[in-house]
Each structure stands twice: as C-alpha cells, then as structure tokens.
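Accompanying notes for the structure given below.
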Amino acid sequence: MARAKPSSIKRGAVDHKIGLRATPNGNEGSISSSMHEPSMDINTEYFYPVTFLVVLVHLVIYFATLHPSVPGGDSGELISVAHVLGVPHPPGYPLFSIVVHWFSKIGAVGSVAWRANAFSALCATGAGLLLHLSTVRVTGSLASGVLATALFSFARLQWLYSITGEVFALNNFLVAMLVYQLICYEEQPTTWRACVGAFWCGLSLTNQHTAVLYAVVIIPRVLYKGANAHHMFAEPGRNLVPVTVCFFVAVLPYAYIPWSAVRNTAPLTWGDQRSVEGFLKHVLRQEYGTFSLAKGGRDTASFELAVQTHLTSLARETFHLCPWLSAIGVGTVALQGTRGFQSASGKGAFGVLVACLVFYMAFFNWRANLDLANPLLAGVQERFWMQPNLLFALAAGVGATALFRRVGAWLGRPAQLESVALVAAIALLAVQININYEERDESANFYVRDFGRSLLEGLPNNSILLTYGDLPGNAARYVQTCDNVRPDVRLIDLEMMTMDWYLPMVAWSFPDVVFPGEPKVYRFGAIDMKKFFDANIDKFDIFVFENLNPDDNTWENDYEVWRHGVARAIKRKGTKLDPKAWLASALPAIPTHPLPDPIKYDNRTWERVVFDGGLASGVYLALFFEEHAKKSTVKAEAVELFEAAGAVYEHMFQVDALRQYQEKYWHKNCGLVYHNLISMGAPDTARYIEARRRHWQAYIDSNPDDAQIQQIQQLIA
C-alpha cells in the first residue's frame with residue numbers, strides 16, 4: 001500500500017473533525033472513505049467562516065424582524081399559560097411551556113411575548129444551523145448547506161414562525177436535531193450515538209406530536225443498524241437498556257402536565273389532568289381527534305389537493321428550486337447514484353430521511369381535515385408543512401450537489417465550480433432575505449396586542465366578556481395576564497364551556513359568576529345561555545365577541561344584543577336605549593390603534609381579522625343607532641338616535657387609523673343619516689344640509705360604481 005502525502009493526510013484529518021471526510025490524495029492504492037473524486041478543499045478552508053456567517057445571518061435577521069408583542073393564533077394562549085405555569089391546549093406542549101416560562105422571567109428585556117418570540121428565534125437559528133450541518137455532512141458541500149438553509153429558513157412560512165412565540169420553531173429545532181443525530185449515527189453507529197439520538201427523539205415528542213411521524217421510521221432503522229454494528233440486542237444491558245433509559249428520561253417533561261393540574265393555582269389552563277384518564281385524554285388530543293387537526297371527519301380537502309397545495313406553496317416560496325432539486329436528490333438515491341453524497345453513510349442516512357418524508361406526506365395529508373377553501377384554516381394547516389419542508393430543503397441540497405458535481409466533472413474543474421456554487425448559494429440566501437424581508441418584518445406589529453386591549457378597555461368595570469374563537473380569547477387573555485390590563489373583566493370562552501372540565505374551573509376562578517344547572521357544562525338539558533343570562537344579568541354587564549353559539553337560541557325571546565365598539569352587549573328585551581348615554585359608553589370602545597396593512601396581511605392571517613373587525617366596528621355601531629331610529633315612533637327620540645349615528649361616522653373620519661382605510665360607502669351612509677334628519681324636519685337643518693352635501697360630494701369624488709349616484713347629485717345640487 002502506498003504512503004499518502006503528508007499534506008493530504010493533514011487535510012483528511014481536519015475534514016474528519018468537521019464531518020467532511022475527503023479522500024486523501026495519494027498514490028495508487030491509498031485508502032478512500034469517499035464516494036466521489038476529491039476536489040473540495042474549499043470546504044475545509046471556509047467551513048468555520050461560512051458556518052459562522054449562517055448563524056450570524058439567522059440571528060441578525062430574525063431579531064431585526066421579531067414580533068415585539070403577542071402574535072395572533074395560539075400564541076396568546078401558549079405564552080400567557082406558560083407565564084403562569086398552566087397547561088395549554090392538547091397535547092399540552094410541556095417542553096415549550098417550561099422553557100418559555102423561564103424565558104418570560106428573564107429580566108426586564110421586552111415584553112413577556114417578546115421574550116417568547118426571542119426563544120423561537122433562537123430555536124429557528126438552531127434549526128437553520130443543524131440543517132446546514134446535516135446537509136454538509138451528507139453531501140460534503142458547503143454550498144449545498146448554505147443553499148438548503150436559504151430555501152428553508154428564509155422562506156415566507158418558516159420565517160413567519162421563526163419570529164413568533166409558537167411551538168413550531170421549537171419543533172423545527174428538535175426535528176433538525178433528530179435528523180442530524182441520525183446522520184451522525186449512520187456515520188458512527190455506537191451505543192453512545194444511539195443514546196444521544198434516543199434522548200433527542202424522546203424530547204421531540206414532548207413538544208409537537210408530528211415528530212412521531214419521523215420517529216417511527218428512524219427507530220427501526222437505528223435498531224436494525226445497532227443489531228449489526230454494536231450488538232444492541234446481543235448485549236442489551238450494555239446497549240439497549242441505556243438507549244431506552246435515555247429515551248424515557250427525555251419524555252419526563254410530560255410530568256409537568258399533571259404537576260400543574262394538581263397545583264391548581266394557574267388561572268389559565270386547559271383540561272383536568274389530575275387523573276390518568278384526564279392526562280391521557282389531553283396528551284392524546286382526544287378532544288380534537290387523536291389523529292386529526294380538528295373535530296369531525298374528513299369531508300374537506302382531498303388527499304391529492306392537500307399534497308398539491310403544499311407542493312405549490314413550496315415551489316412558490318423557493319423560486320421553484322426546492323421541488324425540482326429535491327426530485328434530483330431523491331432520484332440520485334433511486335438510481336443508485338453517488339455524486340450527491342459525501343460517503344456511503346451519508347447516502348444511507350438520506351435514504352432513511354426520504355422514507356421519513358414520504359411517510360409524513362402520506363400520513364399527514366391523509367389525516368389533515370381542515371377546509372383548505374377557507375383561507376384562515378388553510379393558514380392553520382400550512383404550519384405543519386414546515387417539518388417536511390426541512391427535509392425537502394436537505395434533499396434540494398443533495399440534488400444541487402449531484403448537479404454541480406456532474407457539471408464540474410464534465411468541465412474538468414470541480415474545485416472551481418464548488419467555489420462558484422458557494423458564492424451562488426450565498427447570493428441566493430441574500431436574494432431570499434431581500435425578497436421576503438418587508439413582508440416578514442413584524443418589528444412594528446402590535447396589532448393583536450392593541451386589539452386585545454381595545455376589547456377589554458372599552459368595557460365597563462367588572463364586566464363579563466364571552467369570547468368565541470381563538471383571536472379574541474387569546475388576545476384578551478394575554479394582555480390581561482401578562483400586561484395586567486383590566487384584570488377585573490371576567491373572561492369566559494364559549495367554546496370551552498361545552499367541555500366538562502371548564503365550568504368547574506371557571507367557577508373556582510370567578511366565584512361570583514353563577515352557572516345554573518347540572519351538570520356544569522354548556523349543553524342542552526344542562527346550562528344554556530338563557531339560564532346563564534337570567535342568573536347574571538342583574539349583577540354584571542355581559543358582553544360577547546363576536547357571536548353567541550348559533551345552535552343555542554334559548555335566549556332570543558328574552559334578550560337582544562346592542563353594538564358596543566368591537567363587542568356586543570347583552571340586554572333584556574324592552575330595555576330603553578338612551579342614545580347619548582350609550583354613545584358615551586360605546587364610542588370610546590371603537591379601536592383607535594393603528595390597523596394592519598391589508599395588502600401585507602392577506603386573509604390567511606389573524607392581522608387581517610383584526611383589520612376587518614376594527615374597520616367595521618364603527619359602522620356596525622352607527623347602523624345600530626340607525627336601526628333603532630327607524631323603529632322609533634317618537635320623533636325626538638328618532639332625532640337623537642340619528643344624531644348618534646352621525647356622531648359615530650364623524651368620529652370615524654377623525655380617527656387617523658380608521659380614516660386611512662375608510663371605505664367609500666362611509667360617506668354615503670353618513671350623508672344618508674343627515675338626509676333622514678333633514679326629512680324629519682329636525683332642528684338645526686342648515687347644519688345637516690351642509691353635512692349631507694360635504695359627505696355626499698366626497699362620495700361622488702371617490703368615483704363609486706353606484707346606480708344611485710345621479711339621484712345623490714340632484715339632492716345636493
């Protein structure tokens with residue numbers, strides 16, 4: 001056997017240290033662990049600077065665009081519940097709750113939500129780093145590591161949840177670690193490596209349960225390889241037992257859930273996990289459906305449509321590179337090619353990861369049962385695309401490596417092409433960031449926090465607020481719990497009232513609120529809205545956002561709803577409406593905070609819900625006064641009601657946040673209010689005539705498509 005050159009041996013040693021085992025250049029017969037011709041000296045030279053650059057870019061960009069306060073969706077619940085050591089919705093997310101609780105206690109840096117968002121940014125940075133390292137270890141190419149990171153970390157979807165206090169950034173980190181540990185184990189199948197991998201595998205299951213879809217593929221592979229490589233089953237005491245112990249130690253965070261339930265001190269928590277049955281019900285998501293995203297059967301998007309929607313989104317967000325390069329990478333395995341891989345172990349690990357990807361896509365899209373025709377629900381489902389997107393990005397790195405190595409071999413300049421590829425990958429990273437930066441910059445996004453505050457601050461003291469849906473409940477819950485806004489308001493969730501555990505818990509928190517009927521659950525034959533209103537209407541002002549349960553009409557003969565800012569008040573039928581008093585109470589409840597940009601935030605986002613609700617709240621209040629004016633048989637009362645409606649519109653035109661996005665029809669409606677006052681012969685007619693002319697002229701100047709425009713012009717001529 002010929003002796004290798006000293007310089008080549010040194011380079012090989014360095015490469016082994018960082019996982020880039022290039023073949024030593026030597027004479028005929030020298031040992032090689034590589035599957036391709038050695039030509040990548042650039043990897044050794046630039047590995048640490050490029051890897052440092054990858055980490056630095058993640059940290060700088062994520063923290064520059066970080067949400068400063070509570071985002072929409074589940075974040076308000078997850079952050080506020082973690083802050084008080086409660087239990088969030090199923091499956092409980094114990095690891096997230098524990099870590100975010102301690103993050104929320106770190107000094108006085110930012111708000112509680114900012115600290116939770118910062119934790120997500122750190123997790124996302126770790127996921128990007130691990131994806132980079134995994135791709136480099138599999139392919140031996142720094143360029144492909146940077147490319148995979150660019151396609152994953154700074155695509156629109158992943159970036160959004162990298163700066164948001166949600167469980168998905170942590171899940172991305174844990175899954176990326178699981179992938180990295182598998183690659184390390186394939187390279188070095190030892191008991192120690194298996195123990196480390198088992199620990200991370202168990203830990204990943206204490207956050208987002210979708211990690212199990214990778215675990216069920218990886219675990220059999222590790223056991224099979226371990227049986228051959230280090231006698232895992234032949235000597236179980238030295239091999240299998242330590243691995244098993246590491247796995248079960250990692251799932252210990254689940255003990256947090258019954259611990260929190262037994263303490264029973266958290267004002268915010270979901271479920272009753274003090275019994276084994278309650279614990280399993282929560283962890284297995286039985287209230288949602290254990291293997292489904294939501295309650296109900298699969299009668300929405302078909303399997304084919306779900307897959308197509310995902311892949312279309314992936315292509316759109318990655319310049320169509322990710323699907324095509326991934327196909328090349330998978331094809332390299334299928335055709336037994338070697339150019340995309342650093343070693344045989346890298347190719348073996350990639351084969352297992354492809355199996356993980358296929359299984360995830362098949363199982364998840366089979367069980368996902370949200371209606372993709374609903375943009376908001378489609379936005380909920382797309383959050384679960386991030387886990388497979390990580391493997392798509394890694395596969396794209398393999399495909400890119402195979403592609404440019406083939407081109408490099410054809411040109412006879414493989415090393416030079418690797419340099420060009422690295423520069424191109426860094427350029428792609430910069431382009432991806434530049435294209436998505438404005439859309440993903442949430443550094444001034446206080447919209448959900450402001451919505452929660454306006455919802456609470458507009459209510460009378462010691463009110464009851466019934467919420468329906470994630471946005472109002474989670475936003476109000478966060479600002480009340482973490483920002484100490486209006487702790488006197490009693491928040492009650494209408495959807496949770498239908499669950500057996502909820503009302504006994506609420507009764508403990510609000511002992512002065514009466515829940516009449518047995519059992520203590522909101523359903524027919526037990527507690528309904530009429531019984532609830534009857535028992536509490538004389539003690540509390542009761543409000544609801546946005547709607548009551550449409551299936552419960554027990555209250556409709558005895559009660560009615562009055563518009564009050566973004567909420568609605570519950571009143572006994574026949575209650576006399578004092579226009580001036582109600583205007584004084586309801587007008588300040590109309591949001592005056594800045595509204596989200598409706599172009600930046602489309603109808604898949606919670607911010608768009610905030611925008612639509614904030615913009616419509618004043619209009620609904622004005623229409624409420626108009627409807628009562630038209631029903632009134634007393635002229636003086638009708639005049640007061642129309643004047644109140646006009647005052648609402650005038651207020652909306654004065655609020656900068658509302659005026660910026662005012663609708664054309666506001667001027668038409670406002671002019672019509674004054675026209676009704678003129679027609680009634682109300683006092684101060686001259687002022688009403690001038691106000692009608694001013695608003696209708698503004699409406700005409702807006703060039704509306706309105707068949708009544710000629711009639712309006714004649715009236716103000």
Side-chain angles (χ1 to χ4, degrees), residues 77 89 267-268 270-272 287 294-296 452 455-456 458-477 480 486 488-577 582 585-586 589 609 613 616-617 620-621 623-624 627-628:
E77 180 215 357
H89 65 271
L268 302 173
W270 179 305
D272 184 354
E287 288 168 318
K295 295 178 181 178
L455 182 58
L456 292 177
L459 301 180
N461 291 336
N462 299 309
S463 298
I464 291 175
L465 177 60
L466 304 172
T467 62
Y468 194 94
D470 288 343
L471 179 64
N474 292 342
R477 184 178 293 122
Q480 189 179 71
R486 295 297 305 274
D488 60 294
V489 175
R490 294 150 178 82
L491 287 173
I492 301 175
D493 191 292
L494 284 167
E495 291 180 287
M496 290 189 189
M497 283 178 68
T498 63
M499 300 176 183
D500 296 337
W501 52 267
Y502 182 70
L503 287 184
M505 185 179 299
V506 172
W508 178 82
S509 299
F510 306 135
D512 50 354
V513 178
V514 179
F515 299 99
E518 293 294 339
K520 296 296 184 187
V521 64
Y522 178 27
R523 67 170 64 116
F524 295 117
I527 298 175
D528 56 44
M529 277 298 103
K530 182 183 184 307
K531 293 178 181 177
F532 179 76
F533 293 158
D534 288 345
N536 295 283
I537 195 71
D538 294 325
K539 294 193 297 180
F540 301 99
D541 291 303
I542 303 176
F543 293 82
V544 59
F545 183 96
E546 162 84 356
N547 296 302
L548 292 166
N549 189 325
D551 296 325
D552 181 3
N553 59 5
T554 57
W555 58 276
E556 292 179 354
N557 291 329
D558 300 283
Y559 295 92
E560 60 186 359
V561 291
W562 292 7
R563 283 286 172 177
H564 189 276
V566 293
R568 298 192 294 171
I570 304 298
K571 296 291 181 179
R572 291 187 188 275
K573 278 194 173 179
T575 301
K576 183 173 177 57
L577 173 60
W582 194 249
S585 174
V609 178
S617 60
Y620 282 131
L621 179 59
L623 292 175
F624 166 76
E627 290 170 2
H628 278 262

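This structure is a prediction, so every number in the text was calculated from the model and none was measured.
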Result block: side-chain N/O donor-acceptor pairs under 3.5 angstrom for residues 466-474, not counting sequence neighbours:
unit_1 : atom_1 : unit_2 : atom_2 : d
Asn474 : OD1    : Arg477 : NH1    : 2.8
Asn474 : ND2    : Gly73  : O      : 2.9
Asn474 : ND2    : Asp470 : O      : 3.3

### Query
What do the steps show when you test Asp534 against Phe532 for side-chain contact (heavy atoms from CB on, under 4.5 Å), and what is the final call?
CA-CA 6 Å; Asp534 288 345; Phe532 179 76; over 6 Å; no
### Query
Are the side chain of Asn536 and the backbone of Val513 linked by a donor-acceptor contact shorter than 3.5 Å?
no
### Query
Any side-chain heavy atom of Arg572 sitting closer than 4.5 Å to one from Asp538?
yes
### Side-chain heavy atoms of Asn549 within contact of Tyr522, under 4.5 Å
yes
### Query
Would you say the side-chain atoms of Lys530 pair up with the backbone N or O of Asp558, donor to acceptor, closer than 3.5 Å?
no
### Query
Do Ile570 and Met529 touch side chain to side chain, with heavy atoms closer than 4.5 Å?
no
### Summary
Scanning both residues in full, the closest heavy-atom pair of Gln480 with Val489 reads NE2-O, 2.8 Å
### Message
Quick one: does any side-chain atom of Lys573 pair with a main-chain N or O of Glu556 as donor and acceptor, under 3.5 Å?
### Response
yes
### Query
In Å and rounded to the nearest 0.5 Å, what is the CD1 to CZ distance from Ile464 to Phe540?
5.0 Å
### Query
Do the rings of Trp270 and His89 sit parallel, tilted or perpendicular, given the 30° and 60° boundaries?
perpendicular
### Query
What pair of heavy atoms forms the shortest contact from Ala526 to Pro519, and how long is it?
CB-O, 3.4 Å
### Query
Are Arg490 and Asn462 close enough that some pair of their side-chain heavy atoms sits under 4.5 Å apart?
yes
### Query
Of all heavy-atom pairs between Phe543 and Ala569, which one has the smallest distance, and what is that distance?
CE2-CB, 3.5 Å
### Message
Tell me whether Arg486 contacts the main-chain N or O of Leu456 through its side chain, where contact means a donor paired with an acceptor under 3.5 Å.
### Response
yes
#### Entry: Side chain Ser585, main chain Trp582, donor-acceptor under 3.5 Å
no
### Query
Between Gly613 and Val566, which heavy-atom pair has the shortest distance, and what is it?
O-CG1, 4.4 Å
## Note on the structure
Between Ile537 and Tyr559 the two heavy atoms that sit nearest each other are CG2-OH, 4.0 Å
### Message
Looking at Lys539 and Val514, would you say the former's side chain and the latter's main chain have a donor-acceptor pair under 3.5 Å?
### Response
no
## Note on the structure
Note: Ala476 and Leu455 closest approach over all heavy atoms is CB-CD2, 4.3 Å
### Task
Show your working on side-chain contact (heavy atoms from CB on, under 4.5 Å) between Arg523 and Asp500 and close with a plain yes or no.
CA-CA 10 Å; Arg523 67 170 64 116; Asp500 296 337; 3.0 Å; yes
